[in-house]
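Remember, it's a predicted structure, so these values are computed and weren't measured experimentally.
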Amino acid sequence: GCSECSVPPPALPSSPPPPLPQCMLHCGEKSHPWEERCRWDGCSGCSECSVPPPALPSSPPPPLPQCMLHCGEKSHPWEEQ
């Protein structure tokens with residue numbers, strides 16, 4: 001083929017990055033619940049909107065195996081007890 005056939009196509013212009021979340025002045029001046037205000041245009045960047053949800057309680061760890069008193073009194077090898 002000819003040299004024109006092996007030239008890569010021109011790169012498409014990349015789209016600009018999305019705007020960073022903002023916290024506009026009116027977000028803090030309103031009395032609506034923050035849960036609602038965080039969905040408003042210009043309010044999703046407010047610190048009240050970035051509070052992580054409460055952590056779920058973790059389940060307790062399983063109980064550790066216990067050495068019963070009679071285990072040490074036996075004469076069998078430990079691998080068998």
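- Ring-plane geometry between Trp40 and His32 is classed as perpendicular, the angle between the planes exceeding 60 degrees on a 0 to 90 degree scale with a lower cut at 30.
- More than 12 heavy atoms of other residues, nucleotides or ligands shown are found within 6.0 angstrom of CD on Glu36.
- Distance check, rounded to the nearest 0.5 Å: CZ of Arg37 to NE2 of His26 gives 10.0 Å.
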Hey, mind stepping through Cys46 and Cys23 against disulfide bond (SG atoms under 2.5 Å apart) and telling me if it holds?
CA-CA 5 Å; Cys46 298; Cys23 185; 2.0 Å; yes
Would Cys49 and Cys43 satisfy disulfide bond (SG atoms under 2.5 Å apart), going step by step from the backbone distance to the final call?
CA-CA 8 Å; Cys49 300; Cys43 296; over 6 Å; no
